[in-house]
Amino acid sequence: MDYTKLSQLLFPEISSTPDDWEKKYPARDLPPEAKVTRIGPSPTGFVHLGNLYNALVGERLAHQSGGVFFLRIEDTDNKREVEGAVDAVINAMSFFDVNFDEGATIDGEKGDYGPYCQRQRKEIYQSIAKHLVEEGLAYPCFCAEEELSAMRETQIAAKENFGYWGKWAHCRELTYTEIEQKIAAGEPFVLRYRSPGSGEKDITVEDAIRGNLVMQENYQDFVLLKSDGIPTYHFAHVVDDHLMRTTHVVRGEEWLATLPMHVQLFDSLGWPRPLYCHTAVLEKMNGEQRRKLSKRKDPELALSYYQAEGYLPQSVWEYLLTVLNSNYEEWRLANPDLNCREFPFSAEKMSNSGTLFDLDKLKDISKEVIAKMSAAEIYQQFLAWCESYDEGFAALLKADRAYAEQIIDIGRDGDRPRKDLLSWKAAVEFLSFYYDERFKHDDDYPANITEGLRQEILTAYLAKQDFADDNSVWFEKIKEIAAHFGFALKPKDYKKNPEQYPGSIVDVSNVIRVAITGRQNSPDLWTICQVIGEPRIRQRIGKEIEMS
RNA sequence: GGCGCGUUGGAGAAGCGGCUUAACUCACCAGCCUUUCACGCUGGCAUUCAUGGGUUCGAAUCCCAUACGCGUCACCA
């Protein structure tokens, strides 16, 4: 078979050669330790945590080493593509503070190794494909979908390995004349790789996260170009990452199984292999069973979930970093004020077993992150979130900025600052009682206090309260009320002899607290009274007294 | 079914042949502090590293087998 003739028949319009591309995309001028990484999301309209997770690894590896991190859009599947999805990816990454040196951007693209959208690289793929045909390493396959699935049935029945290989690879042996006739007849075809492997050998591939992997060599004649001339992931990955001079391929472990295909292709083309970094999958508990986070079942997989819940990008970064390199937490404890990007991230330290996604941990980290911010910073970011997700609350915040910052800051000063806020959504809930428009009762009164007693306590409080009192005088009055109704003044006394008292001073305080804030958990009550002010306090307590 | 990856407490995990009576963080529990709730502090939470064999003076750490979990086997990525 004259492969050159075949390549002309298959790609009559392609005149560029691999050499042309090598010249157009020369090796990058970077120091030897600099890593070049990328993420390659497909524009399906759904940007998930896994995208961010891998992006973080790539970003750290590249920028920590003085290298390049770029964004490539893997849009080779037109069936799955969704309108506006490219912008969604770019916006999500930028929201989470992932910055690219090259690649697709909102207005066009930047960088010298583009185009960065695979659909626009058709000529490159075809010219490499043409070269493979010339070398006898690729051939057209005319098998229809039905034939392939029939073949699969036979393979299952015969207990043979699935796929297009060896004796099952019918189109492998087509003659030039047969091919020519089929093409003349307008039969559609895909281009398959003629795998030099038999599956009898093992190959060794180094993985930066997993160490040396020993795997069976590839023997499948997998598809390089689909019938529309667009490459499959496998081919696009090899061509792009070579020509874009990627040094480290960071991707999920679901690619491990097809790794032998990729390295075989790299070897066939005489190109150096990149260093692979296969990250562990993110899982969650589903009843008793662990499973991979699923797009359909798990809202927390979507990046938009974290935006909507009002988690800070910073918190998500730090959470992911603890999952990625567990020594991050210790580093953070030792360096509370450094930017998380100063942490020495390492691929070797990454876990290679599936990781359970832990929302509790994210919440804890998020509390710490917010606790470190100033009231002004919180106000600004909180307001920005409210403007997208809770306009009513945004209006309240804007109406009186000083008041907003004041309530945000209650109890946050001193050596032991409160950590009440864990997300902006939670902050709306937490701060709502400071605003009459949002005030509501979330918690009940202490269960051990009868309704009648509660009325009396509140009435007495209203009578005694003087807003000019300082904190200690104010509290003395609470004590007087407690004593008057026979409550234990020390919680311990009540604990020791619960039968001797109707309750302790704690219960008295809590009755007043619930009347004023609508819940049992709040910052310092006296401060709250000062901030809310006499008329509104009287109104709230008065309403509670009337109600019963 | 083939191939591959994995298995240390409720979760993330450190440890990678003796320093481990298994670090650290989250969760949980108890106590302390406190006018409540938080915050903070103290302590508890794996006599054991999926199971069974083996190597070794010595194993969570090395080897083998088994089990279980996960991933993957498309003209999807």
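Residue numbers begin at 1 in each chain, while the letters A, B, ... track the order of the sequences. The structure presented is a predicted model; accordingly, all values stated were derived computationally and were not measured.
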Requested in this report: Look at A/R72 together with A/E74 and state whether they make a salt bridge at an N to O cut-off of under 4.0 Å.
Outcome: yes
Query raised in the report: Is there a donor-acceptor contact under 3.5 Å from the side chain of A/N335 to the main chain of A/L338?
Result: no
Requested in this report: Specify the separation, in whole Å, of atom CG of A/D202 and atom C1' of B/G4.
Outcome: 11 Å
Requested in this report: Represent RNA chain B in dot-bracket notation, 5' to 3'. Only Watson-Crick or G-U wobble pairs with both distances under 3.5 Å count; pseudoknot-style crossings use [ ] and interstrand partners use |.
Outcome: ((((((((.[[[..)..(.....]]].(((((.......))))).....[[[[[..)....]]]]])))))))....
Query - Short side-chain to backbone donor-acceptor contact, A/N325 and A/Y328, under 3.5 Å - result: no
Query raised in the report: What does nucleotides 34-41 of chain B look like as a protein-contact string, B for base, S for sugar-phosphate only, - for none, at under 4.0 angstrom between heavy atoms?
Result: -BBBBBB-
**Report entry** Distance between P atoms of B/G10 and B/U55 (Å, rounded)
**Finding:** 32 Å
Query - Euclidean distance, atom CD of residue A/E329 to atom P of B/A23 [Å, nearest integer] - result: 15 Å
Query - Sidechain N-carboxylate O distance under 4.0 Å for A/K361, A/D364 - result: no
Query - Contacts of A/E429 that satisfy salt bridge (charged side-chain N to carboxylate O under 4.0 Å, His left out) - sequence neighbours left out - result: A/K440
Report task. Indicate yes or no for a side-chain donor-acceptor contact from A/S366 to the backbone of A/S423 under 3.5 Å, with no hydrogens or angles considered. Result -> no
Query raised in the report: Any idea how A/H278 and A/Y276 line up, ring-wise: parallel (<30°), tilted (30 to 60°), or perpendicular (>60°)?
Result: parallel
Query raised in the report: A/K361 has an atom NZ; how far is it from atom C1' of B/G12, in whole Å?
Result: 6 Å
Query raised in the report: Can you tell me how far P in B/C75 sits from the matching atom in B/A65, rounded to whole Å?
Result: 34 Å
Requested in this report: Provide, to the nearest angstrom, the distance between the CD1 atom belonging to A/I365 and the C1' atom belonging to B/U25.
Outcome: 9 Å
Query raised in the report: Contact class for A/R210 vs. all strands (heavy atom < 4.0 Å): base, sugar-phosphate, or nothing?
Result: sugar-phosphate
**Report entry** Spacing of the C1' atoms in B/U48 and B/U21 (rounded, Å)
**Finding:** 11 Å
Query raised in the report: Centres of the A/Y233 and A/W255 rings: under 6.0 Å?
Result: yes
**Report entry** Nearest-Å distance once atom P is located in both B/G71 and B/G12
**Finding:** 16 Å
Query raised in the report: Taking CE from A/M215 and P from B/G6, how many angstroms apart are they, rounded to a whole number?
Result: 10 Å
Report summary line: So salt bridge (charged side-chain N to carboxylate O under 4.0 Å, His left out) across residues 190-209 of chain A, not counting sequence neighbours, yields none
Query raised in the report: Given the P atoms of B/U47 and B/G9, what is the spacing between them in whole Å?
Result: 10 Å
Query raised in the report: Salt-bridged, A/E480 to A/K477, with N to O below 4.0 Å?
Result: no
Report task. Sugar-phosphate atoms are those with a prime plus P, OP1 and OP2; base atoms are the rest. Using that split, label each nucleotide of nucleotides 71-77 of chain B B, S or - for protein heavy atoms under 4.0 Å, 5' to 3'. Result -> SSBSBBB
Query raised in the report: How far does the C1' atom of B/C62 sit from the matching atom of B/G18, given to the nearest Å?
Result: 14 Å
Query raised in the report: A/W331 CH2 to B/U25 C1': how many Å, rounded?
Result: 16 Å
Requested in this report: Report the nucleotide, chosen from B/C24, B/A13, B/U25, that has the shortest atom-to-atom distance to any side-chain atom of A/S326.
Outcome: B/A13
**Report entry** Pairwise C1' distance for B/A46 and B/A27, with rounding to whole Å
**Finding:** 16 Å
Query raised in the report: Is A/R454 paired with A/E544 through a side-chain N to carboxylate O contact shorter than 4.0 Å?
Result: no
Query raised in the report: Is it true that the NZ or CZ of A/K182 lies under 6.0 Å from the centre of A/F142's six-membered ring and within 45 degrees of the ring axis?
Result: yes
**Report entry** Ion pair A/R80/A/D75, N-O distance below 4.0 Å
**Finding:** no
Query - Nearest-angstrom distance, P atom, B/C39 to B/C26 - result: 11 Å
Query raised in the report: Within the structure shown, what part of the strands sits under 4.0 Å from A/K477 by heavy-atom distance: base, sugar-phosphate, or nothing?
Result: nothing
Report summary line: To the nearest angstrom, the CD-C1' distance between A/E318 and B/U25 comes to 13 Å
Report task. Under 4.0 Å between any heavy atoms, over every strand shown, what does A/Q216 touch: base, sugar-phosphate, or nothing? Just pick one. Result -> sugar-phosphate
Query - Salt bridge present between A/D228 and A/K226 (N-O < 4.0 angstrom) - result: no
Report task. Would you mind reading off the distance between A/D358 atom CG and B/A27 atom P, rounded to a whole angstrom? Result -> 9 Å
Query raised in the report: Is there a donor-acceptor pair closer than 3.5 Å between any side-chain N or O of A/S195 and the backbone N or O of A/G197?
Result: yes
Which atom pairs link the protein and nucleotides 28-30 of chain B when you take only N or O atoms and keep those under 3.5 Å?
none

